[in-house]
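Have a look at the structure below, then the notes.
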Amino acid sequence: MARVTIDSIRKRYGETTAVDGVSLTVDDGEIVGVLGPSGCGKTTTLRAVAGFETPNAGTVAFDDRDVTNVPPENRNVGLVFQEYALFDNMTVRENVAFGLKMRGVGTAERRDRADELLEMLGIGGMAARDPTTLSGGQQQRVGLARALAIEPSVLLLDEPMTGLDAKLKARLRDEVGELLSALDVTGLYVTHDQEEAMLMCDRIAVMNDGRLEQVGTPREVYESPATEFVSEFVSLDAPELPFVQW
């Protein structure tokens, strides 16, 4: 895994500034949640780390390597999106092993790595299945396994649980959170859901209108909000956060 350093990045689209001078460090093995409302710049920030967007100013580094202008395929990042984006012409196992195949890893090693991750995520018995026959939660686990299979330097998750029902989301939140902790993954977890951020992330970066409002532990952000926006947004829909066990 790698330490991620985002230094004063700005991203503009014409006259619109999507990200305005954001600086954030994600330590090796840490999960940082990027939390904020729609249109606040959180996904653009993640895309800059992934290499899908090039900042107009500022830099992105993995450890001591400046990757600001490095294409996505050369960054060794694992990506998990809400759309799943699984290949329906491949089995579940083949989907998980796809990145390894592209890197020239042998058939037996690919199979073993895919099966190990599927077992870890509780869907080992589905390796030979067509992914279109799986539930949304099962497909999301396949997507996570595929992202982890390449042993990425950084894991990037963009609203990965959007669209799942509340009961499934709660179960996956606990299971995936434990898995990420056990694997010592370095990750950015983009979400608009305060509960997800509070429960799954070591620290939270709250964004609004392209800027960082506050960075801190879940307790710090909730108990000592730095701005009025943070106070209102973090308490929205969860005034007492009874689900958080600090």
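We count residues from 1, following the sequence as given. No hydrogens, no waters, no symmetry mates; every other heavy atom, side chains included, goes into these values. All values reported here derive from a predicted model rather than from experimental measurement.
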* **Side-chain touch M102/E73, heavy atoms, less than 4.5 angstrom** => no
* Asked: Side-chain heavy atoms under 4.5 angstrom apart, residues restricted to Ile, Leu, Val, Met, Phe, Trp, Tyr: same cluster for F52 and V77?
  -> yes
* If you group Ile, Leu, Val, Met, Phe, Trp and Tyr by side-chain heavy-atom gaps below 4.5 Å, do L188 and V22 land in one group? -> yes
* To do: Identify the two heavy atoms, one from R146 and one from A85, that lie closest to each other, and give their separation to 0.1 Å.
  => NH2-O, 3.0 Å
* Asked: At what distance, to the nearest 0.5 angstrom, does CD of E196 lie from CG of L157?
  -> 10.0 Å
* To do: May I ask you to test the T25-V4 pair for a side-chain heavy-atom distance under 4.5 Å?
  => no
* Asked: Going from CG on L79 to CG on L144, what distance comes out if it is rounded to the nearest 0.5 angstrom?
  -> 11.5 Å
* Asked: Should Y189 and L156 be counted in the same cluster of Ile, Leu, Val, Met, Phe, Trp and Tyr side chains packed under 4.5 Å apart?
  -> no
* ILVMFWY cluster, V154 and V70 together (side-chain gap under 4.5 Å) -> yes
* **From CD (Q194) to CG (L35), nearest 0.5 Å** => 6.0 Å
* To do: Answer yes if V105 and L148 sit in the same cluster of Ile, Leu, Val, Met, Phe, Trp and Tyr residues linked by side chain heavy atoms under 4.5 Å apart, and no otherwise.
  => no
* Asked: So do the side chains of P218 and I204 get within less than 4.5 Å of each other, counting heavy atoms only?
  -> yes
* Asked: Hey, mind stepping through R129 and T91 against side chain to side chain contact (heavy atoms under 4.5 Å, CB included) and telling me if it holds?
  -> CA-CA 5 Å; R129 293 265 297 272; T91 65; over 6 Å; no
* Structure fact -> Residues at least two apart in sequence or cross-chain that pass salt bridge (charged side-chain N to carboxylate O under 4.0 Å, His left out) with E53, listed by chain then number, are K11, R47
* salt bridge (charged side-chain N to carboxylate O under 4.0 Å, His left out) partners for R10, two or more places apart -> D20
* Structure fact -> Here the ring-ring contact (aromatic ring centres under 6.0 Å, His included) pairs for residues 85-112, sequence neighbours left out, are F87-F98
Show the atom names and distances, to 0.1 Å, of all donor-acceptor pairs under 3.5 Å that link a side chain in residues 114-123 to residues at least two apart or in another chain.
from : atom 1 : to  : atom 2 : distance (Å)
D115 : OD1    : R93 : NE     : 2.8
D115 : OD1    : R93 : NH2    : 3.4

* May I have the step-by-step check of side chain to side chain contact (heavy atoms under 4.5 Å, CB included) for N76 and R103, ending in yes or no? => CA-CA 11 Å; N76 193 36; R103 297 182 178 201; 2.8 Å; yes
* Please examine the side chains of Q214 and T227, heavy atoms only from C-beta on, and report whether any two atoms are closer than 4.5 Å. => no
* At what distance, to the nearest 0.5 angstrom, does CD of E220 lie from CZ of R203? -> 9.0 Å
* Asked: Looking at A147 and L155, what are the two nearest heavy atoms and their distance?
  -> CB-CD1, 3.7 Å
* Does CD in E228 sit with more than 12 non-hydrogen atoms of other residues, nucleotides or ligands closer than 6.0 Å? -> no
* Could you walk me through whether M198 and V234 pass the side chain to side chain contact (heavy atoms under 4.5 Å, CB included) test, one step at a time? => CA-CA 9 Å; M198 291 283 176; V234 171; 3.2 Å; yes
* Taking the side chain as C-beta and beyond, is there a heavy-atom pair between M200 and I31 under 4.5 Å? -> no
* Asked: Which residues pass the side chain to side chain donor-acceptor pair (under 3.5 Å) test with D66, sequence neighbours left out?
  -> T68
* What are the two closest heavy atoms between T44 and A18, and how far apart are they? -> OG1-CB, 4.1 Å
* Asked: CD of E109 to NZ of K101: how many Å apart, nearest 0.5 Å?
  -> 15.0 Å
* **Set of residues satisfying side chain to side chain contact (heavy atoms under 4.5 Å, CB included) with respect to A205, sequence neighbours excluded** => L24, V32, L212, V215
* Within 6.0 angstrom of D112 CG, more than 12 heavy atoms from elsewhere -> yes
* Compare every heavy atom of H192 with every heavy atom of K42, then report the nearest pair and how far apart it is. => CE-N, 4.0 Å
* Asked: Are the side chain of S23 and the backbone N or O of S8 linked by a donor-acceptor pair below 3.5 Å?
  -> yes
* To do: Indicate whether the side chain of T132 and that of D88 have a donor and an acceptor atom separated by less than 3.5 Å.
  => no
* Structure fact -> For A149 and L100, the nearest pair of non-hydrogen atoms, with its separation, is O-CD2, 3.4 Å
* Asked: R3 and salt bridge (Lys or Arg N to Asp or Glu O under 4.0 Å): which partner among D27, D64, D63?
  -> D27
* Any side-chain heavy-atom pair from R12 and V19 closer than 4.5 angstrom? -> no
* To do: First locate atom CG of L134, then atom CG of L86, and finally report the distance between them rounded to the nearest 0.5 Å.
  => 8.0 Å
* To do: For D158 and T43, work out which heavy atoms get closest and say how close.
  => OD1-OG1, 3.1 Å
* To do: Evaluate side chain to side chain contact (heavy atoms under 4.5 Å, CB included) for V230 paired with Y222, printing each intermediate quantity in order.
  => CA-CA 8 Å; V230 174; Y222 181 67; over 6 Å; no
